Amino acid sequence: MLDQYAHTVTDRFLRYVQIDTQSDPDNEAFPSSEKQKDLSRLLVKELLEMGIQDAAMDDNGYVYGTIESNTDKNVPVICFCAHVDTAPDCSGTDVRPILHKNYDGRDIHLPDDKDQVIRLSDYPYLQTQIGKSIITASGKTLLGGDDKSGVAIIMDLANYLQCHPEVKHGAIKILFTPDEETGRGTEKVDLDRVGADFGYTLDGGELGSFEDETFSADSAKITVHGVIAHPGYAKGKLINALKIVGEILAGLPKNEFSPETTSGREGFVHPVKVEGIAEQASIDFIVRDFITDNLAKHEARLKIIAESVVNRYSGVKLEFTVKEQYRNMKEVLQRYPEVAENAIKAYKNAGLTVTNEPIRGGTDGSRLSFMGLPCPNIFTGMQAIHSRHEWIGVSDMEKSVEVLVQLAKVWEENA
Ligand SMILES: [Zn+2]
């Protein structure tokens, strides 16, 4: 009976990406754009139609729901999580998804902008899609695979489990969040309401990738207070804060210590914003490393570089402040090895080879892990995200659904 709602993951994806859910980093309201709720409302409606009776959206735009347990065993409660918003970097208005069946490896010219061409030579991972179906946008917008692929995969899992009671599983919680792209996705999440022991975000890329390690992250701010005087009578007095800030930037190492010169497990310090007037100027930095203790070392080194400039000028003052942003989720996840082990077993049961590389960034899972919901990241297939070249392979999404079904089973079998 429930099969009348058995849309495929692709149908769902094509439907969801057409709803504009771009978040807005300049708006302090929550969610940062009301339109994110348009998708959240639709998801609640579809979940209710599937028989997920407690599906609901709260005032902040979070969607909560429960796929009820159908086993007598006492299985840990797991949660699948994805974000509804799309990146502010690229338009998400009037997304026109295009399904390219039987992709043959040739250049894909996007119809709404002749300059937008997706080439195999630029995206080698396209090689894995030859003979299969892929989805792109039309040239003027991003596609929104980040993270509507994750949303569609979780929705399809829910539908699958509702339609297949013979697949035994514990209680599975569903969580859709707003504002991941503005870094605020976990700000107002109610983890008591989620009520899960462990979680998995569906927000990763290539087929088979599994991510349980992220950067640890701080922000740092250097503020320089110069010495001000009327420029007409400033000789020998004025010390311009803007120029000192420029010297500090010029004093940063050229061949290391930066995102453009590091990879793999190396950390970095990265200036992201300069602001100021002659009297006072500041530089915002982000500081990243996989080893949390290294952050303090990077910050100390940055401070020494700034001080060595400022100390050459008498009367100039330096302020240096650091704020914690997020921490490497591995610090939490290593205390619960079954979370990764069960995922890896599920990948294998779905016939996949697991690739596990540390993420040179953060996910909502990094924050959730430290908030009490240990939460690694599973692939959806999304590629070239945050851009007009964004694309995704249909079979990768389908495989991700299969992994989630296997994962639900593995947790039940191991209980
Ligand atoms: Zn994402």
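Keep in mind it's a predicted model, so treat the numbers as computed, not measured.
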Test side-chain hydrogen bond (donor to acceptor under 3.5 Å, both in side chains) on T136 and H100; report intermediate values, then the result. CA-CA 8 Å; T136 68; H100 307 260; 2.7 Å; yes
[X] side chain vs [Y] backbone, donor-acceptor pair below 3.5 Å:
{"X": "E390", "Y": "D146", "answer": "yes"}
{"X": "K243", "Y": "I239", "answer": "no"}
{"X": "N356", "Y": "E211", "answer": "no"}
{"X": "R388", "Y": "L142", "answer": "no"}
{"X": "S400", "Y": "F379", "answer": "yes"}
{"X": "Y62", "Y": "A56", "answer": "no"}
{"X": "N70", "Y": "P165", "answer": "yes"}
{"X": "D190", "Y": "R193", "answer": "yes"}
{"X": "N159", "Y": "L161", "answer": "no"}
{"X": "T66", "Y": "D54", "answer": "no"}

Under the side chain to side chain contact (heavy atoms under 4.5 Å, CB included) rule, what do Y103 and L120 come out as? Steps first, then yes or no, please. CA-CA 11 Å; Y103 167 65; L120 184 59; 4.0 Å; yes
Using a 6.0 Å cut-off, check whether atom [atom1] of [X] has over 12 heavy atoms from anything other than its own residue.
{"X": "D94", "atom1": "CG", "value": "no"}
{"X": "D107", "atom1": "CG", "value": "yes"}
{"X": "E338", "atom1": "CD", "value": "yes"}
{"X": "K168", "atom1": "NZ", "value": "yes"}
{"X": "K348", "atom1": "NZ", "value": "no"}
{"X": "N311", "atom1": "CG", "value": "yes"}
{"X": "D59", "atom1": "CG", "value": "no"}

Minimum-distance pair of heavy atoms, taken over all atoms of [X] and [Y]:
{"X": "F320", "Y": "A220", "result": "CZ-CB, 4.2 Å"}
{"X": "L143", "Y": "P97", "result": "CD1-CB, 4.1 Å"}
{"X": "C90", "Y": "Q22", "result": "O-NE2, 3.0 Å"}
{"X": "A340", "Y": "D212", "result": "CB-OD2, 3.9 Å"}
{"X": "T214", "Y": "G361", "result": "CB-O, 3.3 Å"}
{"X": "C81", "Y": "T177", "result": "SG-CG2, 4.2 Å"}

Please work out whether the ring planes of Y347 and F210 are parallel, tilted or perpendicular, with thresholds of 30° and 60°.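 Rings of Y347 and F210: perpendicular, over 60°.
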Residue pair [X] / [Y], side-chain donor-acceptor N/O under 3.5 Å:
{"X": "R360", "Y": "S263", "result": "no"}
{"X": "N377", "Y": "T201", "result": "yes"}
{"X": "S32", "Y": "D24", "result": "no"}
{"X": "T71", "Y": "H169", "result": "no"}
{"X": "Q383", "Y": "H389", "result": "no"}
{"X": "D203", "Y": "H83", "result": "yes"}
{"X": "Q36", "Y": "S33", "result": "yes"}

NZ/K148 to OG1/T380 distance, rounded to the nearest 0.5 angstrom?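 Going from the NZ atom of K148 to the OG1 atom of T380 covers 13.0 Å.
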At what distance, to the nearest 0.5 angstrom, does CD of Q53 lie from CG of L47?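 Going from CD on Q53 over to CG on L47, the span is 12.0 Å.
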NZ/NE/NH1/NH2 to OD/OE distance under 4.0 Å, [X] and [Y]:
{"X": "K45", "Y": "E49", "value": "yes"}
{"X": "E402", "Y": "K399", "value": "yes"}
{"X": "E46", "Y": "R15", "value": "yes"}
{"X": "R327", "Y": "E324", "value": "yes"}
{"X": "K140", "Y": "D112", "value": "no"}
{"X": "E213", "Y": "R265", "value": "yes"}

Distance-only check: which donor-acceptor pairs under 3.5 Å involve side-chain atoms of residues 269-293, not counting sequence neighbours?
from	atom 1	to	atom 2	distance (Å)
D284	OD1	K221	NZ	2.9
R288	NH1	D218	O	3.2
R288	NH1	Q325	OE1	2.8
R288	NH2	Q325	OE1	3.1
D289	OD1	I291	N	2.9
D289	OD1	N294	ND2	3.3
D289	OD2	H298	NE2	2.7
T292	OG1	S216	OG	2.7
T292	OG1	E331	OE2	2.3

Tell me, with the steps shown, if F215 and F268 meet ring pair (Phe, Tyr, Trp, His ring centres under 6.0 Å). CA-CA 10 Å; F215 269 148; F268 59 74; 5.6 Å; yes
Assess whether salt bridge (Lys or Arg N to Asp or Glu O under 4.0 Å) is satisfied between E34 and K37, documenting all intermediate values. CA-CA 6 Å; E34 278 295 308; K37 290 182 180 170; 3.5 Å; yes
Can you list the steps and then say if F176 with Y64 is a side chain to side chain contact (heavy atoms under 4.5 Å, CB included)? CA-CA 7 Å; F176 297 127; Y64 302 88; over 6 Å; no
N/O donor-acceptor pairs under 3.5 Å from side chains in residues 249-260, not counting sequence neighbours:
from	atom 1	to	atom 2	distance (Å)
K254	NZ	A250	O	2.7
K254	NZ	L252	O	3.4
E256	OE1	R301	NH1	3.3
E256	OE2	R301	NH2	2.7
S258	OG	E260	OE1	3.4
S258	OG	T261	N	3.4
S258	OG	T261	OG1	2.7

Given the rule in the side chain to side chain contact (heavy atoms under 4.5 Å, CB included) test, do L207 and T128 qualify, once you have shown the distances and angles that lead to the verdict? CA-CA 10 Å; L207 179 77; T128 65; over 6 Å; no
Looking at side-chain heavy atoms only, is the closest gap between [X] and [Y] below 4.5 Å?
{"X": "F198", "Y": "P76", "value": "yes"}
{"X": "R12", "Y": "D156", "value": "yes"}
{"X": "I248", "Y": "I244", "value": "yes"}

Starting from the C-alpha separation in whole Å, work towards a yes-or-no answer on side chain to side chain contact (heavy atoms under 4.5 Å, CB included) for M57 and R41. CA-CA 7 Å; M57 179 181 79; R41 269 185 221 103; 4.1 Å; yes
Qualifying residue, where the test is side chain to side chain contact (heavy atoms under 4.5 Å, CB included) with I153 and the options are V403, D396, L202: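 Result for side chain to side chain contact (heavy atoms under 4.5 Å, CB included) with I153: L202.
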